Amino acid sequence: QVQLVESGGGSVQAGGSLRLSCAASGRTFSSYAMGWFRQASGKEREFVAAISWSGGHTDFADSVKGRFTISRDNAKNTVYLQMNSLKPEDTAVYYCASNGIKYGDLYYGANDYAYWGQGTQVTVSS
């Protein structure tokens with residue numbers, strides 16, 4: 001059974017930084033593309049960032065480009081989301097997700113992901 005556990009959320013002032021982690025277990029983590037999504041209160045879940053199975057390709061939502069980076073450490077079965085220059089509009093529950101196809105590249109839709117973590121709250125105050 002695949003498990004994804006996010007950590008690193010919290011409260012920060014605008015302009016600050018946070019690093020989210022997502023620890024995976026239950027299958028060969030290094031073979032699968034990963035993604036981060038977020039859901040603000042009263043809004044739909046939206047794509048934030050994606051990374052290919054090898055880590056060689058990454059992409060981001062326009063709203064976070066230049067501020068967020070995604071990386072993975074396959075030896076630790078962990079994917080990271082480094083968030084800098086945070087804004088109040090970044091406030092949301094952040095979810096990591098794992099794609100279900102081996103050796104996949106980048107995926108942008110929630111339906112492209114087979115497994116999800118429980119989410120971690122990020123709150124940015126002005």
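The structure presented is a predicted model; accordingly, all values stated were derived computationally and were not measured.
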Look up atom [atom1] in [X] and atom [atom2] in [Y], then write down how far apart they are to the nearest 0.5 Å.
X   : Y    : atom1 : atom2 : result
I70 : D59  : CD1   : CG    : 10.0 Å
Q13 : T123 : CD    : OG1   : 12.5 Å
Q82 : T69  : CD    : OG1   : 5.5 Å
S25 : N77  : OG    : CG    : 8.0 Å
F68 : S85  : CZ    : OG    : 9.0 Å
L86 : S126 : CG    : OG    : 13.0 Å

Is it true that [X] and [Y] fall in one hydrophobic cluster, defined by side-chain heavy atoms closer than 4.5 Å?
X    : Y    : answer
F60  : V122 : yes
L106 : W36  : no
F29  : V2   : yes
V12  : M83  : yes
I101 : F47  : yes

Trace of the side chain to side chain contact (heavy atoms under 4.5 Å, CB included) decision for Y32 with W53: CA-CA 5 Å; Y32 298 90; W53 72 276; 5.6 Å; no

Distance-minimising heavy-atom pair for [X] and [Y]:
X    : Y   : answer
L4   : A24 : CD2-CB, 3.5 Å
A92  : A40 : CB-N, 3.7 Å
G104 : A33 : O-CB, 3.9 Å

Enclosure of K65 NZ (heavy-atom neighbours >12, cutoff 6.0 Å):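 Above 12, so yes.
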
Member of Y113, Y95, Y107 meeting the ring pair (Phe, Tyr, Trp, His ring centres under 6.0 Å) criterion with F37: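 The residue from Y113, Y95, Y107 that satisfies ring pair (Phe, Tyr, Trp, His ring centres under 6.0 Å) with F37 turns out to be Y113.
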
Test side chain to side chain contact (heavy atoms under 4.5 Å, CB included) applied to M34 and N99, step by step: CA-CA 6 Å; M34 300 290 292; N99 181 255; over 6 Å; no

Main-chain N/O of H57 paired with S52 side-chain donor or acceptor, under 3.5 Å: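 Judged by distance alone, yes, a pair lies under 3.5 Å.
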
Backbone of S30 reached by a side-chain donor or acceptor of T28 within 3.5 Å: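 No.
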
Side chain to side chain contact (heavy atoms under 4.5 Å, CB included) between T78 and R72, intermediate numbers included: CA-CA 6 Å; T78 301; R72 64 190 300 159; over 6 Å; no

Heavy-atom side-chain contact between L81 and V48 under 4.5 Å: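 A side-chain contact under 4.5 Å exists here.
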
Non-hydrogen side-chain atoms of T120 and L20 separated by less than 4.5 Å: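 T120 vs L20: side chains touch.
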
Steps toward side chain to side chain contact (heavy atoms under 4.5 Å, CB included) verdict (S98, R27): CA-CA 11 Å; S98 178; R27 65 174 180 175; 2.4 Å; yes

Pair K87 + D90, salt bridge at N-O below 4.0 Å: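 Answer for the salt bridge query: no.
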
Sole candidate of R38, Q39, E6 that passes side chain to side chain donor-acceptor pair (under 3.5 Å) when paired with Y94: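 By the side chain to side chain donor-acceptor pair (under 3.5 Å) criterion, Y94 pairs with just one of R38, Q39, E6: R38.
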
